[in-house]
Amino acid sequence: YNKIDTLSIEEVDQLARLPDSVVISIYMNLNLDFLLQQIWKYLGLVRIYTKRRGQPPDLIEPIILSEERHGLTIEAACKSISREFIPIFNFALVWGRSTKFNPQRVGLSHVLQDEDVIQIVLKTVAQQKASKDYQARVTAANQAILKERKRLRKIKNW
């Protein structure tokens, strides 16, 4: 409900106690933070912050995840950054409410909570070479590069 600045305290209290209601005043900037918090809650959105090794977390641009879209797992966070992370994913370090201790080492299926901080650790080149599908991935990448070069040559010669 907007324009609560025109109502009495008793009326505002009565409206605020109703289920699924938020009382605000745009004119006086009252309760807007709570409104924003409730919007995030009802939409089921979760903010996940990323952290690079040896750096502080990036608290400016979070990754936004939703249960309805792709889920709230480490795998969903990796896919939202780059789909190339999944085959070379090693583990993730997580700080926040979804862990028992900070930081906790977790896998792809770990479920994240709002405002968790993650650091994704990828496999080293030696670990990648030891994996069974390494040769197939290298061949596929090389074929994609050749295909792109052929496409660019056609455009250039056209």
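All values reported here derive from a predicted model rather than from experimental measurement. Starting from 1, each residue takes its place in the sequence as its number.
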*Under 3.5 Å, is there a donor-acceptor pair between the Ser66 and Glu68 side chains?*
yes
*Shortest non-hydrogen contact from Pro62 to Arg47?*
CB-CB, 4.0 Å
*Do other residues, nucleotides or ligands put more than 12 heavy atoms under 6.0 Å from the CG atom of Leu18?*
yes
_CA sep, side-chain torsions, deciding dist, call: Lys3, Asp5, side chain to side chain contact (heavy atoms under 4.5 Å, CB included)_ = CA-CA 5 Å; Lys3 299 185 180 183; Asp5 51 329; 4.1 Å; yes
*Considering non-hydrogen atoms only, spot the tightest contact between Leu112 and Thr73 and give its length.*
CD1-O, 3.9 Å
*Begin with the C-alpha distance, continue with both residues' side-chain angles, and end with the deciding distance and a verdict on side chain to side chain contact (heavy atoms under 4.5 Å, CB included) for Ile74 and Phe89.*
CA-CA 10 Å; Ile74 294 288; Phe89 176 85; 3.9 Å; yes
*Write down the atom of Gly96, the atom of Asn102, and the distance for their closest heavy-atom approach.*
N-OD1, 3.0 Å
_hydrophobic_cluster_shared for Val121 and Phe85, side chain cutoff 4.5 Å_ = no
*What distance do Ile26 atom CD1 and Leu35 atom CG have between them, rounded to the nearest 0.5 Å?*
7.5 Å
_Val94 reachable from Leu108 in the ILVMFWY side-chain graph, under 4.5 Å edges_ = yes
If you look only at distance, which donor and acceptor atoms sit under 3.5 Å apart when one is on a side chain in residues 27-34 and the other is two or more places apart or in another chain?
residue : atom : partner : partner atom : Å
Asn31   : ND2  : Val23   : O            : 2.8

*Quick one: closest heavy-atom pair of Leu45 and Arg69, and the distance?*
CD2-NH2, 4.1 Å
*Any chance you could measure Asp114, atom CG, to Arg97, atom CZ, to the nearest 0.5 Å?*
6.0 Å
Can you list, pair by pair, the side-chain donor-acceptor contacts under 3.5 Å of residues 135-147, counting residues two or more places apart and other chains?
residue : atom : partner : partner atom : Å
Arg137  : NH1  : Asp133  : OD1          : 3.4
Thr139  : OG1  : Gln135  : O            : 2.8
Asn142  : ND2  : Val138  : O            : 3.4

*Treating Ile, Leu, Val, Met, Phe, Trp and Tyr as nodes and any side-chain heavy-atom pair under 4.5 angstrom as an edge, say whether Leu72 and Ile81 lie in one connected cluster.*
yes
*Do you know the tightest heavy-atom contact between Leu65 and Gly71?*
CB-O, 3.8 Å
*Give a yes or no on whether Trp95 and Phe91 share a hydrophobic cluster (residues Ile, Leu, Val, Met, Phe, Trp, Tyr; joining criterion: side-chain heavy atoms under 4.5 Å apart).*
yes
*Neighbour count above 12 (heavy atom, 6.0 Å) for Glu61 CD*: no
_side-chain hydrogen bond (donor to acceptor under 3.5 Å, both in side chains) partner of Ser98, the single match among Gln113, Glu115, His110, Gln104_ = His110
*Would you give the length of the straight line joining atom CD1 of Ile120 to atom CZ of Arg52, rounded to the nearest 0.5 angstrom?*
10.5 Å
_Inter-residue atom distance Lys129.NZ - Tyr134.OH, 0.5 Å rounding_ = 5.0 Å
*Under 6.0 Å from the CD atom of Gln127, do we count more than 12 heavy atoms belonging to anything else shown?*
yes
_Option passing side-chain contact (heavy atoms from CB on, under 4.5 Å) with Tyr49 (candidates Leu59, Asp116, Ile118)_ = Leu59
_Heavy atoms from other residues, nucleotides or ligands near CD of Gln14 exceed 12 (cutoff 6.0 Å)_ = no
*To the nearest 0.5 Å, tell me how far Ser131 OG sits from Lys123 NZ.*
5.0 Å
*If Ile, Leu, Val, Met, Phe, Trp and Tyr residues are connected whenever their side-chain heavy atoms lie under 4.5 Å apart, and connections chain through other members, are Trp40 and Val22 in the same group?*
yes
*Which of these, Ile63, Ile88, Ile86, sits in a side-chain contact (heavy atoms from CB on, under 4.5 Å) with Cys78?*
Ile86
_Distance-minimising heavy-atom pair for Ser21 and Leu15_ = OG-O, 2.8 Å
